[in-house]
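Step one of this worksheet: look at the structure below.
In each ligand, atom 1 is the first atom listed, and ligand 1 is the first ligand listed. These numbers come from the heavy atoms of this one structure, side chains and all, not from hydrogens, waters or symmetry mates.
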Amino acid sequence: MFDRVEIIVKAGNGGGGVISFRREKFVPFGGPDGGDGGGGGDVVIMADSGVTDLRAFKHKRFYRAGDGGDGKGKKKHGRKGENLILTIPVGTVVSYKTQIGGHALIADLEQPGQQVVMAKGGKGGLGNTHFTSSTNQAPQIAQVGEVGEENSIILEMRLIADVGIIGYPNVGKSTLLATVSAAKPKIASYPFTTREPIFGVAEVGQRSFVLAEIPGLIDGAHLGRGLGHDFLRHIIRTKTIIHLIDGSSALPAEDMIRVNSELSLFDSALAKKPQLAVVNKIDLLEVQAQLDEIKEAFSSAGTTALFISAATGEGVPELMAEIMKLLEQVSIEKEDGEIVPRKVFYPQPKRIDVSVHSVHKEGNTFVVVAPGVERIVARTDITSSELQRLLNRHLQRLGVSTALEKAGANAGDRVRCGNFEWEWK
Ligand SMILES: Nc1nc2c(ncn2[C@@H]2O[C@H](COP(=O)(O)OP(=O)(O)OP(=O)(O)O)[C@@H](O)[C@H]2O)c(=O)[nH]1
Ligand SMILES: [Mg+2]
């Protein structure tokens, strides 16, 4: 099952502006007419209900949108680079990989058609028409296009089920799923029979809901033991939980408490999710003999458990009715609730923050590390003295100059930012 992929997305670079002058037969001194470069294409991610998994991303890691075309004479704009639209399943969570190794959530694409820009195309450079001034009627400068953004992103599918069936291995999760739905999971008397979440649709009267068996939670699942770690993520999406417990286990109530503590260790939100404690295998004589004690143990743990036999179907209709009620309650609470969870997170615009910490020295060169500034520098053709003057002014505004001075840079020192190196003035 391909439910998590890491890819690199690169937006298109902007096209360059051009230096060009009008040349007409009877106009001896035509003005500048260099057109602007076209913007680079964006990489966009879109949820599509026709896509069911992330398989398409398994064999390709790098995705690139089209570059913008260069501007042309006669004030012609360069063509816009083509956007690249990647379609992903509904219910995919998208996050950026941050430089320190963690990730930052960007969007939770829950609705078909929802989209987010994952890498913004570079702006086209300005042609020389933009650089005329009272003192310079024939500017020999034009901007190069801005470099398109590049990001490492993580796509993670969170399967959506209304009800997650959880519990220790071998407690009868698959058996229950097979009893209430048309799903045909493998059932066997050993643990870890089920190795990936399995879905089924249950019908109660006129209504139906989706159930998922979440495989093998064990102690330490929150640390990645067993199969649990991967699949704990899937439970986050479910509205309710059926917590299945093997009635023939030595201490059933204890089992429930341990599994619940795994949930809360993984994510405290999981522990708060409504759940029904359900003791299974009551058809077994040994369980029947213990029934009162088991009930007792659950009520001292603060829960009223339901009792079923997934194998014979005893108590299962009552369980389904109970779950239906719980689901209705959850959706009403959601509508009434004041706090509606925000589903889509957009990345904050990158602030350009330059401080003395952004400057360090490599040999005799002062290096400015600030992605926002790097983008600006990348847009400027450093060889043109006119542009360099503009750039210097810009850097002054951003606080780069102050940071460099504080770091001890003097006129004439070499300064580098991104791929560019120039002489500080
Ligand atoms: N007597 C009895 N046995 C049951 C009942 N439910 C499940 N079993 C048995 O318990 C064993 C495990 O059942 P599964 O449904 O595979 O359990 P599971 O929780 O899905 O197990 P894993 O997927 O391996 O974690 C099988 O041998 C089932 O036949 C029940 O209600 N009564
Ligand atoms: Mg199973």
*How far apart are the C-alpha atoms of Leu244 and Ile308, what are their side-chain angles, what is the distance that settles it, and do they pass the side chain to side chain contact (heavy atoms under 4.5 Å, CB included) test?*
CA-CA 10 Å; Leu244 207 57; Ile308 65 160; 4.1 Å; yes

*Of the non-hydrogen atoms in Met256 and Ala301, which two are nearest, and what is the gap between them?*
CE-CB, 4.2 Å

_Can you confirm, on distance only, whether ligand 1 has an N/O atom lying under 3.5 Å from any N/O atom belonging to Thr312?_
no

*First locate atom OG of Ser261, then atom CD1 of Ile257, and finally report the distance between them rounded to the nearest 0.5 Å.*
9.0 Å

_Sub-4.0 Å atoms of ligand 1 with respect to non-hydrogen atoms of Tyr190_ = 24 (O)

*Distance-only donor-acceptor check, side chains Thr312 and Asp283, under 3.5 Å*: no

*Is a side-chain donor or acceptor of Arg64 paired with a backbone partner of Gly12 at a separation under 3.5 angstrom?*
no

*Going by the atom numbers of ligand 1, which of them fall below 4.0 Å from some non-hydrogen atom of Ala188?*
11 (C), 12 (C), 13 (O), 16 (O), 26 (C), 27 (O)

*Assess Lys10 against Phe62: is NZ or CZ under 6.0 Å from the centre of the six-membered ring, and within 45 degrees of the ring's axis?*
no

*Does Ala311 reach ligand 1 with a nitrogen or oxygen that is under 3.5 Å from one of the ligand's nitrogen or oxygen atoms?*
yes

*Have a look at ligand 1 and work out which part of Ala178, if any, has a heavy atom under 4.0 Å from it: side chain, backbone, both or neither.*
neither

_2.8 Å cut-off (strict), protein N, O or S atoms about the Mg ion (ligand 2)_ = 3

*Could you tell me which atoms of ligand 1, counted from 1 in the order shown, lie closer than 4.0 angstrom to a heavy atom of Thr193?*
22 (P), 23 (O), 24 (O)

*Answer with yes or no whether the side chains of Asp48 and Thr87 bring together a donor and an acceptor at under 3.5 Å.*
no

*Can you find an N or O of Gly172 that's nearer than 3.5 Å to an N or O of ligand 1?*
yes

*asked:* Would Pro169 count as a polar contact of ligand 1, with the cut-off being nitrogen or oxygen pairs under 3.5 Å?
replied: no

*May I ask which of Thr194, Ile187, Asn280 has a heavy atom nearer to atom 23 (O) of ligand 1 than the others do?*
Thr194

*Nearest heavy atoms of Asn170 and Lys173, plus distance in Å*: N-NZ, 4.1 Å

*Looking only at heavy atoms, is any part of Leu284 under 4.0 Å from ligand 1, and if so is it the side chain, the backbone, or both, or is it neither?*
side chain

*Identify the two heavy atoms, one from Pro185 and one from Ala178, that lie closest to each other, and give their separation to 0.1 Å.*
CD-CB, 4.0 Å

*asked:* To check you understand the geometry: which heavy-atom pair defines the closest contact between Ile88 and Leu155, and what is its length?
replied: CG2-CD1, 3.9 Å

_Per-atom contacts, ligand 1 versus Pro191 - under 4.0 Å to a heavy atom_ = 24 (O)

*Val171-ligand 1 polar pair, N/O distance under 3.5 Å*: yes

_Is Pro215 close enough to touch ligand 1? Criterion: a residue heavy atom under 4.0 Å from a ligand atom._
no

*Can a donor-acceptor pair be found between the side chains of Ser248 and Glu286 at a distance below 3.5 Å?*
no

*Has the side chain of Gln114 got a donor or acceptor atom that lies under 3.5 Å from a matching backbone atom of Gln111?*
yes

*Any N or O on Lys186 sitting closer than 3.5 Å to an N or O of ligand 1?*
no

